[in-house]
Amino acid sequence: MANASEKISLYNLADLKNTSDDAIPNYLNSLNFKQSHYLTDVRLALGYTAFTIAAACFAWDYKLGFEDTKLYTAIAVVIYTIINSGLSLWIMYVEKGVIYQGHAPSGEKITITSTTRKYDPTYRLSIQIVPKSGEPQTLELAQPFNQWFDETGLFVAVPFQEVLASGVPVIGKHDPRRVKAESQALYDANPELLDAVLAANTEGVSGASTAAEPTEKKGGKRRKA
């Protein structure tokens, strides 16, 4: 797992994803989100239990010999197989790529899942938000890794945080500075969008002026009378 302060290969999707995954809890926790470690705790419990059984088998076989412990070893192997299978099923069907679970300071529950596709340097996030009251909402974000990794492979936090704050309202609500920065970056990157906004504002002003003209003309006629 690469450290965010270390340069990594821009061609290694696993390192790009892992570094980005690690940055999400750090960012959200800095905004006073309360992270839930339930999924990780269950996975660690299953993993350590399987390891303990394997270590116990080795210890009693080493001290007592195989013949005296073969029945216990057989039982331990069955239990180890069940636990290890349970761990695999937990990762595949329960965690399902979840990298963050927690609650926003305003009470919403947020669950974030990340994925990548082979030969595609795009970071894909699925964010499920469960409000205190109302229907759950699922948001999808997809951005290329080069939005927050520079040309040397160094992770840059600010643009990554801007993507999250601008794309996920519950995050942007608690970090509005990043939303503003992302909006400005969007206008800079897409001048046509800014032109459309300015054109819409100009049309609004022109419409208001046109609507005011009949009143002025009527006023002139009354003065002549």
Side-chain angles (χ1 to χ4, degrees), residues 1-4 6 8-9 11-30 32-104 107-132 135-142 145 155 164 168 170-171:
M1 186 176 295
N3 189 296
E6 297 177 354
I8 63 175
S9 172
Y11 302 99
N12 190 325
L13 280 179
D15 280 351
L16 292 172
K17 179 181 181 299
N18 290 337
T19 302
S20 301
D21 288 349
D22 292 342
I24 290 179
N26 293 336
Y27 174 47
L28 296 185
N29 293 340
S30 73
N32 295 320
F33 281 63
K34 187 176 181 181
Q35 184 176 4
S36 170
H37 298 282
Y38 171 72
L39 294 177
T40 303
D41 290 344
V42 172
R43 186 190 345 147
L44 290 175
L46 291 173
Y48 281 123
T49 300
F51 172 79
T52 300
I53 292 175
C57 283
F58 172 79
W60 66 52
D61 182 61
Y62 179 78
K63 289 186 176 182
L64 303 176
F66 176 73
E67 288 298 327
D68 294 334
T69 60
K70 60 184 178 180
L71 176 61
Y72 301 105
T73 299
I75 295 173
V77 168
V78 172
I79 296 175
Y80 175 86
T81 302
I82 294 173
I83 293 176
N84 208 43
S85 299
L87 176 60
S88 299
L89 293 173
W90 178 266
I91 294 173
M92 291 175 60
Y93 297 106
V94 180
E95 290 189 3
K96 295 181 180 180
V98 172
I99 57 172
Y100 186 88
Q101 271 192 336
H103 289 83
E108 299 92 342
K109 180 182 178 181
I110 181 170
T111 301
I112 302 177
T113 302
S114 72
T115 57
T116 55
R117 297 174 182 173
K118 195 173 183 179
Y119 306 125
D120 181 9
T122 301
Y123 191 52
R124 303 176 190 277
L125 293 177
S126 178
I127 303 101
Q128 184 185 59
I129 301 170
V130 181
K132 290 185 291 186
E135 294 296 325
Q137 179 186 18
T138 300
L139 304 174
E140 304 289 338
L141 292 179
F145 285 107
F155 177 83
L164 292 173
V168 186
V170 70
I171 298 177

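All residue numbers refer to positions in the sequence shown, counting from 1. Predicted model, so just to flag it, every value in this text is computed and none were measured.
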**Student:** Would you compute the distance between atom CD1 of Ile171 and atom CD1 of Ile112 and round it to the nearest 0.5 angstrom?
**Tutor:**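 Atom-to-atom, Ile171:CD1 and Ile112:CD1 are 5.0 Å apart.
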**Student:** Any chance the side chains of Lys96 and Thr113 put a donor and an acceptor closer than 3.5 Å?
**Tutor:**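 The criterion, which ignores hydrogens and geometry beyond distance, is not satisfied for Thr113 and Lys96.
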**Student:** What pairs with Thr122 under side chain to side chain donor-acceptor pair (under 3.5 Å), at least two apart in sequence or on another chain?
**Tutor:**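 Partners of Thr122 by the side chain to side chain donor-acceptor pair (under 3.5 Å) criterion, ordered by chain and then number, come out as Asp120.
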**Student:** Pairs in or reaching into residues 34-44: which pass salt bridge (charged side-chain N to carboxylate O under 4.0 Å, His left out), with residues at least two apart or in two chains?
**Tutor:**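 The answer is Arg43-Glu95.
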**Student:** For the atom pair CD1 (Ile129) and NZ (Lys109), what is the distance rounded to the nearest 0.5 Å?
**Tutor:**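 Separation between the atoms: 13.0 Å.
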**Student:** Which pair of non-hydrogen atoms, one from Leu13 and one from Arg117, has the smallest distance, and what is that distance?
**Tutor:**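 Between these two residues, the closest heavy atoms are CD1-O, 3.6 Å.
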**Student:** Less than 4.5 Å apart, any side-chain heavy atom of Phe155 and any of Ile8?
**Tutor:**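 SC-SC contact between Phe155 and Ile8 ruled out.
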**Student:** Could you pull out all residues at least two apart from Gln101 that satisfy side chain to side chain donor-acceptor pair (under 3.5 Å)?
**Tutor:**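 So Gln101 forms no side chain to side chain donor-acceptor pair (under 3.5 Å) with any residue.
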**Student:** Any side-chain donor paired with an acceptor under 3.5 Å for Asp61 and Tyr72?
**Tutor:**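 Not at all, the side chains of Asp61 and Tyr72 share no donor-acceptor pair under 3.5 Å.
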**Student:** Just wondering, do Leu125 and Tyr100 contact through their side chains at under 4.5 Å, heavy atoms?
**Tutor:**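 They are not in contact (no side-chain heavy atoms under 4.5 Å apart), so the answer is no.
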**Student:** Taking salt bridge (Lys or Arg N to Asp or Glu O under 4.0 Å) as the test, write out the residues that go with Glu67, two or more places apart.
**Tutor:**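 Here the qualifying residues are Lys70.
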**Student:** For Ala142 versus Arg124, what's the shortest heavy-atom pair and its separation?
**Tutor:**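 Distance-wise, the nearest heavy atoms are CB-NH1, 4.0 Å.
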**Student:** Atom OG in Ser30, atom CG in Leu28: separation rounded to 0.5 Å?
**Tutor:**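 Between atom OG of Ser30 and atom CG of Leu28 there are 7.5 Å.
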**Student:** May I ask you to decide if the ring planes of Phe145 and Tyr123 are parallel, tilted or perpendicular, using 30° and 60° as cut-offs?
**Tutor:**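 Rings of Phe145 and Tyr123: tilted, 30 to 60°.
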**Student:** About how many Å separate OG1 of Thr19 and CD1 of Ile24, when rounded to the nearest 0.5 Å?
**Tutor:**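 One gets 11.5 Å once the value is rounded to the nearest 0.5 Å.
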**Student:** From His103 NE2 over to Lys132 NZ, what is the distance, rounded to the nearest 0.5 angstrom?
**Tutor:**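 These two atoms lie 10.5 Å from each other.
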**Student:** Give every donor-acceptor pair under 3.5 Å between a side-chain atom in residues 73-83 and any protein atom, sequence neighbours left out.
**Tutor:**
| from | atom 1 | to | atom 2 | distance (Å) |
| --- | --- | --- | --- | --- |
| Thr73 | OG1 | Trp60 | NE1 | 3.2 |
| Thr73 | OG1 | Thr69 | O | 2.9 |
| Thr81 | OG1 | Val77 | O | 2.8 |

**Student:** Using a cut-off of 6.0 Å, state whether more than 12 heavy atoms not belonging to Glu140 lie near its atom CD.
**Tutor:**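 Enclosed: over 12 neighbouring heavy atoms sit under 6.0 Å from CD of Glu140.
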**Student:** Give, for atom OG1 of Thr49 and atom CG of Leu87, the distance between the pair rounded to the nearest 0.5 Å.
**Tutor:**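 One gets 10.0 Å once the value is rounded to the nearest 0.5 Å.
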**Student:** With sequence neighbours left out, write down each residue that passes side chain to side chain donor-acceptor pair (under 3.5 Å) with Asn84, or none if nothing qualifies.
**Tutor:**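 For Asn84 there are no side chain to side chain donor-acceptor pair (under 3.5 Å) partners, ignoring immediate neighbours.
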**Student:** Side chains of Leu16 and Asn12: does their closest heavy-atom pair fall under 4.5 Å?
**Tutor:**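 A side-chain contact is absent here, since even the closest heavy-atom pair is not under 4.5 Å.
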